[in-house]
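Report on one structure; see the data block that follows.
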Amino acid sequence: MSGSRVLVLNSGSSSVKYQLLDMRDGGRLAVGLVERIGESGSRLKHSPADGESREWNGSVPDHDAALKAMAAELDRDGLGLGSPELAAIGHRVVHGGLRFTEPTVVDDAVLAEIERLIPVAPLHNPANLTGIRTAQALRPDLPQVAVFDTAFHTTMPESAARYAIDVETADAHRVRRYGFHGTSHAYVSRETARLLGRAPEDVNVIVLHLGNGASASAVRGGRCVDTSMGLTPLEGLVMGTRSGDTDPAVIFHLMRVGGMSADEIDTLLNKRSGLIGLCGDNDMREIRRRVDAGDERAGLAFDIYIHRLKKYIGAYYAVLGRVDAVAFTAGVGENSAPVREAAVAGLEGLGLVVDGGLNAVRGDGARLISPADARVAVAVVPTDEEMEIAAQTYALVNDSGNQNLT
Ligand code: ADP
């Protein structure tokens, strides 16, 4: 295999995000997004490393049209999909169930298994499959690699992965805790070890991935031992629009007493709950602006968000026994100093302290925000899921050797 470029695709139901990376130096050659696929007012934004960003609005009826539009933009920059420099395409796939514990070169059996998992990931896996099939049609000769959001969590022990419900019923329907955001938790836990100047095998980390979706994980010596998302991404922390943990009886109550259907409650808990349900906003910048202006609903939403976060820090501290670092990542974790400060406030007894000055400094790279003599490091570690997908994809196609891939 001669090429050193990897195209990373993150295909959602109505959007495709892409990045073209050069794995010789980790350089990003182009980054882009096609939005509102199959809807009115589709939009493409394409940013090559060596040039001006370009945007257009037009009709993008389906994923095939979206990837062709992406390919045309890459062609304009001399980075087309036909280039021999392209080594592989890496796809983010949300649900890999128990079977996919590693990145996997896609073949018909792999596609069939991703399809079989649709009942546990009805929103995500169909879109991921469409992305893979469309990319295959564009470059049938190229290895397509699936990198699973669940893979990093497959090391969880049964005690963390099982719900305490009847085992036969759970197994019949593949009900268990799978966890998501695994690519980010893997990358960030490794980068945290690097920031501490230690080997990942020697370090225990609590990773707090706080984006619009949010999850926490407990990572012991580089292996995930617990994570806050479960069968679906609904469990765990308070998120932008998801409730996180609730008593399951809330659902029966809303059905029996509130007269709501399962689909209506699904939408309520996934789309109209969390921060947006509590205060009408899901952007932490806006919530903080309102809190600072004395808005009580925003204040309560912030407090509920922080209370849940703190509970998970405490829980994972207990799960790990010894914690070397707590790492904040993703949109909120990387940017919101008030969230980081509030999440750790009062945890001095656990060795967790944030230095106000360091916390307030904005920066792009991984950095410590705890005092130099702190017992537990508190860090901001920017996530880079595309780089991790590209690195895993590239490593796999190189390792697999030419016999499988040419
Ligand atoms: P996702 O990938 O889950 O959509 P991101 O990791 O991009 O989410 O995070 C998006 C969220 O990050 C926004 O909804 C907003 O709440 C938060 N965010 C982004 N920038 C800032 C900022 N400067 N300060 C506080 N919060 C921010």
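Start at 1 and go down the list; that is how both ligands and their atoms are numbered.
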Are there any N/O pairs under 3.5 Å between ligand 1 and the protein, and if so, what are their distances?
{"residue": "ligand 1", "atom": "3 (O)", "partner": "Asn212", "partner atom": "N", "Å": "3.1"}
{"residue": "ligand 1", "atom": "3 (O)", "partner": "Gly213", "partner atom": "N", "Å": "3.4"}
{"residue": "ligand 1", "atom": "6 (O)", "partner": "Gly331", "partner atom": "N", "Å": "2.9"}
{"residue": "ligand 1", "atom": "8 (O)", "partner": "Asn212", "partner atom": "N", "Å": "3.1"}
{"residue": "ligand 1", "atom": "12 (O)", "partner": "Val332", "partner atom": "N", "Å": "3.4"}
{"residue": "ligand 1", "atom": "16 (O)", "partner": "Met284", "partner atom": "N", "Å": "2.8"}
{"residue": "ligand 1", "atom": "20 (N)", "partner": "Arg285", "partner atom": "NH1", "Å": "3.4"}

Holding to salt bridge (charged side-chain N to carboxylate O under 4.0 Å, His left out), I want the full list of residues that pass it with Arg362, two or more places apart in sequence or in another chain.
none
Hey, what do you get for CG (Leu123) to CG (Asn128), rounding to the nearest 0.5 Å?
10.5 Å
For Arg289, salt bridge (charged side-chain N to carboxylate O under 4.0 Å, His left out) partners two or more places apart:
Glu286
Side chains of Tyr312 and Asp226: donor-acceptor distance under 3.5 Å anywhere?
no
Mind checking what makes salt bridge (charged side-chain N to carboxylate O under 4.0 Å, His left out) contact with Glu296, not counting sequence neighbours?
none
May I ask you to check whether His153 and Phe180 place their ring centres under 6.0 Å from each other?
no
